[in-house]
Protein chains: 2
Amino acid sequence: MNDSPLLPDTLAPASPALAQPCPIRDILDRIGDQWSLLVLLTLRPGTRRFNQLRREIDDISKQMLSRTLKQLEQDGLVSRTAYPEVPPRVEYQLTELGHSLLTPVAALVAWAERHQPAVNAARERYQRATER
Amino acid sequence: MNDSPLLPDTLAPASPALAQPCPIRDILDRIGDQWSLLVLLTLRPGTRRFNQLRREIDDISKQMLSRTLKQLEQDGLVSRTAYPEVPPRVEYQLTELGHSLLTPVAALVAWAERHQPAVNAARERYQRATER
DNA sequence: GGGCATAGGTCTACAAACTGGACCGTGAAG
DNA sequence: CTTCACGGTCCAGTTTGTAGACCTATGCCC
């Protein structure tokens with residue numbers, strides 16, 4: 001399937017780096033799910049409770065927050081502590097691993113802040129170009 | 001199709017901490033959509049054609065690839081060049097902005113590679129803990 | 001005692017997003 | 001003449017996410 005007689009691709013063939021059983025893919029799938037990064041960033045300042053997170057992120061549904069936290073806990077990025085009190089209290093905080101992830105994530109956030117004007121300009125340019 | 005130029009995007013109303021006028025949210029929503037990062041990484045070695053990308057990423061649907069590329073182009077991260085030949089040829093490549101984004105992304109990928117064992121260990125630990 | 005609030009979820013309909021395959025037009029290969 | 005390939009788009013069906021009701025168990029107020 002991959003060898004086409006006419007295909008003039010003088011470029012490098014498929015890179016094996018991003019194939020299926022690839023750790024990058026695996027981790028990227030986790031942190032690239034829209035909410036995970038946001039939850040991690042929200043936990044950066046310190047311990048948070050469930051509804052506190054929900055209020056801070058604001059447009060995440062209970063179910064997604066619950067699911068996201070479960071995954072993050074599963075991946076060892078967040079720790080969960082439930083106190084068997086009667087109005088239940090559950091606290092989430094970053095593990096050391098979670099903190100270590102925030103270093104590259106912070107770089108990403110810095111990029112976002114820095115290049116936001118460029119992105120916005122590109123968007124406007126694109127819109128003007130496609131309008132006519 | 002009918003696109004009104006005044007159509008507001010689908011961002012939700014007010015949110016406290018990582019609120020709306022927050023570029024982090026905005027950019028994170030783009031790069032956190034599972035495919036964008038993967039496409040950018042695949043374009044890193046050089047120019048790629050549409051189906052070439054599709055083959056390299058392999059489990060992305062045509063529609064999502066098309067949509068993702070359109071967004072990336074819109075955000076000024078990728079440039080698109082269509083040659084009016086008869087078997088149509090369209091080439092995509094990273095812009096300078098796109099390349100600049102890959103720096104922090106590379107840091108993230110490095111983290112993923114480095115900490116993959118820790119994450120896997122955490123997953124196994126979690127599974128054993130919840131199984132009983 | 002009865003009613004309500006509170007915290008952390010889960011469950012359930014419903015809506016939005018994504019998928020895989022058909023399809024398009026044109027030219028070249030078999 | 002049929003088949004294939006290019007870069008998409010369109011449609012139907014499946015998966016994923018949402019909002020909101022509901023649950024448990026206690027303490028507070030009246």
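These numbers were taken from a predicted model, which means no experiment stands behind them. The sequence lines fix the lettering, A, B, ..., with proteins before strands; numbering per chain opens at 1.
Annotation: ring pair (Phe, Tyr, Trp, His ring centres under 6.0 Å) contacts involving residues 32-84 of chain A, sequence neighbours excluded, are absent.
Between B:Trp35 and A:Val90, it is A:Val90 whose nearest contact on DNA chain C lies nearer the 5' terminus.
Here A:Arg54 does not pair with A:Glu56 in a salt bridge; the nearest charged N to carboxylate O distance is not below 4.0 Å. With respect to the salt-bridge test (charged N to carboxylate O, under 4.0 angstrom), the residues B:Arg25 and A:Asp58 do not qualify.
To the nearest angstrom, P of D:dT15 lies 18 Å from CG of A:Asp29. Residue A:Asp59 contributes atom CG, which lies 14 Å from atom P of D:dG20 at whole-angstrom precision. In this entry the distance linking CD of B:Gln52 with P of D:dG8 reads 13 Å, nearest Å. For the pair B:Gln34 CD and C:dA16 P, the computed distance is 22 Å after rounding to whole Å. Straight-line distance from the CZ atom of B:Arg89 to the C1' atom of C:dA28: 16 Å, rounded to whole Å. Between the C1' atom of C:dC18 and the CG atom of B:Asp33 lies a distance of 12 Å, rounded to the nearest Å. Atom pair B:Ile57:CD1 and D:dG7:P shows a separation of 14 Å (rounding to whole Å applied). Between the P atom of C:dA28 and the CD atom of B:Glu85 lies a distance of 12 Å, rounded to the nearest Å.
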Between the protein and nucleotides 24-29 of chain D, list every N/O to N/O distance that falls short of 3.5 Å.
none

Please list, pair by pair, any protein nitrogen or oxygen found under 3.5 Å from a nitrogen or oxygen in nucleotides 1-3 of chain C.
none

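With sequence neighbours left out, the ring-ring contact (aromatic ring centres under 6.0 Å, His included) criterion links A:Trp111 to A:His115.
Counting only heavy atoms from C-beta outward, the side chains of B:Asp59 and B:Ile57 approach each other to under 4.5 Å.
Counting any heavy atom pair closer than 4.0 Å across all strands shown, B:Tyr92 reaches sugar-phosphate atoms only and no base atom. At a threshold of 4.0 angstrom between heavy atoms, the contacts of B:Arg80 are confined to the sugar-phosphate backbone, with no base atom among them.
Side-chain atoms of B:Ser36 come within 3.5 Å of backbone N or O of B:Arg30 as a donor-acceptor pair. Looking at B:Gln127, its side chain never comes within 3.5 Å of a backbone N or O of B:Glu124 through a donor-acceptor pair. Not a single donor-acceptor pair under 3.5 Å links the side chain of A:Thr47 to the backbone N or O of A:Glu91. Side chain of B:Thr95 to backbone of B:Ser79: no donor-acceptor contact under 3.5 angstrom is found.
Proximity of B:Arg49 to the phosphate of D:dC6: no side-chain N or O atom is located under 4.0 Å from OP1 or OP2. At the phosphate of D:dA5, neither OP1 nor OP2 sits under 4.0 Å from any side-chain N or O atom of B:Arg55.
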Donor-acceptor contacts, no H, no angles, side chain residues 66-74 of chain A, under 3.5 Å, sequence neighbours left out:
{"from": "A:Arg67", "atom 1": "NH2", "to": "A:Gln63", "atom 2": "OE1", "distance (Å)": "3.3"}
{"from": "A:Thr68", "atom 1": "OG1", "to": "A:Met64", "atom 2": "O", "distance (Å)": "2.6"}

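Residue B:Arg123 qualifies as enclosed at atom CZ: its count of foreign heavy atoms under 6.0 Å is above 12.
Residues from residues 62-78 of chain B that place a heavy atom under 4.0 Å from any atom of DNA chain C, listed by number: B:Gln63, B:Met64, B:Arg67.
To the nearest 0.5 Å, the span separating CG on B:Leu37 from CG on A:Leu108 amounts to 7.0 Å.
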